[in-house]
Amino acid sequence: MGCHVQREKIVAAVITSSAMAVILCAGCKRATVTAPPAGVATLDPWKQAIGRVEQDRGEAMGRNALVEVPAELRHYADRRRFLAVQAADSHAHNDSIPSDFADLAQLIQQRSFVEMKPLGQDYVLYGVGQNVGGGPFTHYDRATRQDISLAATRDDLGQEMQRAIDLVKDSKARLAYLVAERRRAPARDRALRTALLNEVTQARKLLNSTVAKSRLLGAFYENTERSELLMSEHRLLSNLARDFEGEAYDLNDVDAMKRFKTRLLSFIRPQARDLLIRIAHDYKEKFDRPLPISSLVRPEQYQHELSKRNANAARGSTPPHSTGLAFDVYYGYMSAAEQEYLMSVIARLKDAGQVEALRESRENIHVYVFANGARPAEKLIAQVIAGERLRKPHKRSHAVSAH
């Protein structure tokens, strides 16, 4: 009898141990799921929040839902006014607009921006930075809208310069080859000549681009102050990647680079953060779902890249998201009741002069928070619409601090 009891204890212990192993294994499996870069203590709460956002409502959702869009969230009769209002506010109150990730990192270190964690009490980041690439950081030249490679040392800059020169040589050789091939093509073979002409056109465009980039890089390389800027930005981002408030990112790893960039894009101005949280709280109280936030700050460099693919991405000289005062709410899974309630909350804020807003066709509601809590003067808005320059362009600091 004692042996039988002993065997039962052993079997029970094995079963318990196996069950624990399964639980631990399941926990390990969950830990490998890709999640937002800023990290959450456990991935389950974030995944559950996303599940609540995407849950089938059993009725039409997003653009398919029949909703009444309030006038406050529609375009003005003069469509230029929407961006002009935001640009006027930025010109009047916000001097520091990040042109690239190095600019943004510096502003983050200066505490001009605050981080929005992937999961908040009433919101969840839903697709923030999803289009960012994992390539190396570059300096964004506002005047030419071109990217310039960063470098750790003067020698590295020299190597970049040589690569640019070699690329120009290769582009010239490729163009010369194609031009010669087209000349040799029989006149009666129209299809071949047309195909070669198209290749010649593309090769000429590539050559013009490589020449322009080589000249711009040369201008930075030959100027001590400009070359030091490229190296100081490299130091800033490298130091921050080594210790970003306890998190480290390997800049030689594509996935780690994407996570690092995505985290940088998860920041916003404090006054915009505060209002975002208010809106999220109202929505969560009403529908018991976290508010999905699809976009926060976007440096001008990233905004320029997005504008090539997204018709809704602003192309003006002062993109609203670049100020750090704008955020987007994704309504793609919301029912008509959810959308109309959310729009009513934002409409009241617009009527109170606290925000500019627009319900976009790509299932986002754009919200811009006025820097001092009040709409800019009509005189400033009119000046922006008229195309007048209200202030000098932001000049980045050359003394980039190290983290």
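This chain uses plain numbering: 1 for the first residue, then up along the sequence.
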Salt-bridge present (Arg298, Asp328; N to O < 4.0 Å):
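A salt bridge is present here (some side-chain N lies under 4.0 Å from a carboxylate O).
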
Could you check whether Lys213 pairs with Asp147 (Lys NZ or Arg NE/NH1/NH2 to Asp/Glu carboxylate O, under 4.0 Å)?
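No.
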
Between [X] and [Y], does the ring centre distance come in under 6.0 Å?
X	Y	answer
Phe137	Phe260	yes
Phe82	His366	yes
Phe220	His139	yes

Result of checking Leu230, Asn223, Thr224 against Arg226 for side-chain contact (heavy atoms from CB on, under 4.5 Å)
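Only one option passes, and that is Asn223.
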
State, yes or no, whether a side-chain contact exists between Arg359 and Arg74 at a heavy-atom distance under 4.5 Å.
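Not in contact.
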
Within 45 degrees of the axis of the six-membered ring of Tyr249 and under 6.0 Å from its centre: does Arg259 put its NZ or CZ there?
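Because its charged atom misses either the 6.0 Å distance or the 45° angle limit, Arg259 does not stack over Tyr249.
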
Taking the cut-offs as 6.0 angstrom to the six-membered ring centre and 45 degrees off its axis, would you call Arg154 and Tyr221 a cation-pi pair?
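Yes, cation above the ring, under 6.0 Å and within 45°.
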
How are the rings of Tyr341 and Phe287 set relative to one another: parallel (under 30°), tilted (30 to 60°) or perpendicular (over 60°)?
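Perpendicular, since the angle between the ring planes exceeds 60°.
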
Are Thr138 and Gln301 close enough that a side-chain donor and a side-chain acceptor fall under 3.5 Å?
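Yes, Gln301 and Thr138 have a side-chain donor paired with an acceptor closer than 3.5 Å.
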
Nearest heavy-atom neighbours spanning Leu119 and Tyr123:
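For Leu119 and Tyr123, the tightest heavy-atom pair comes out as CD1-O, 3.5 Å.
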
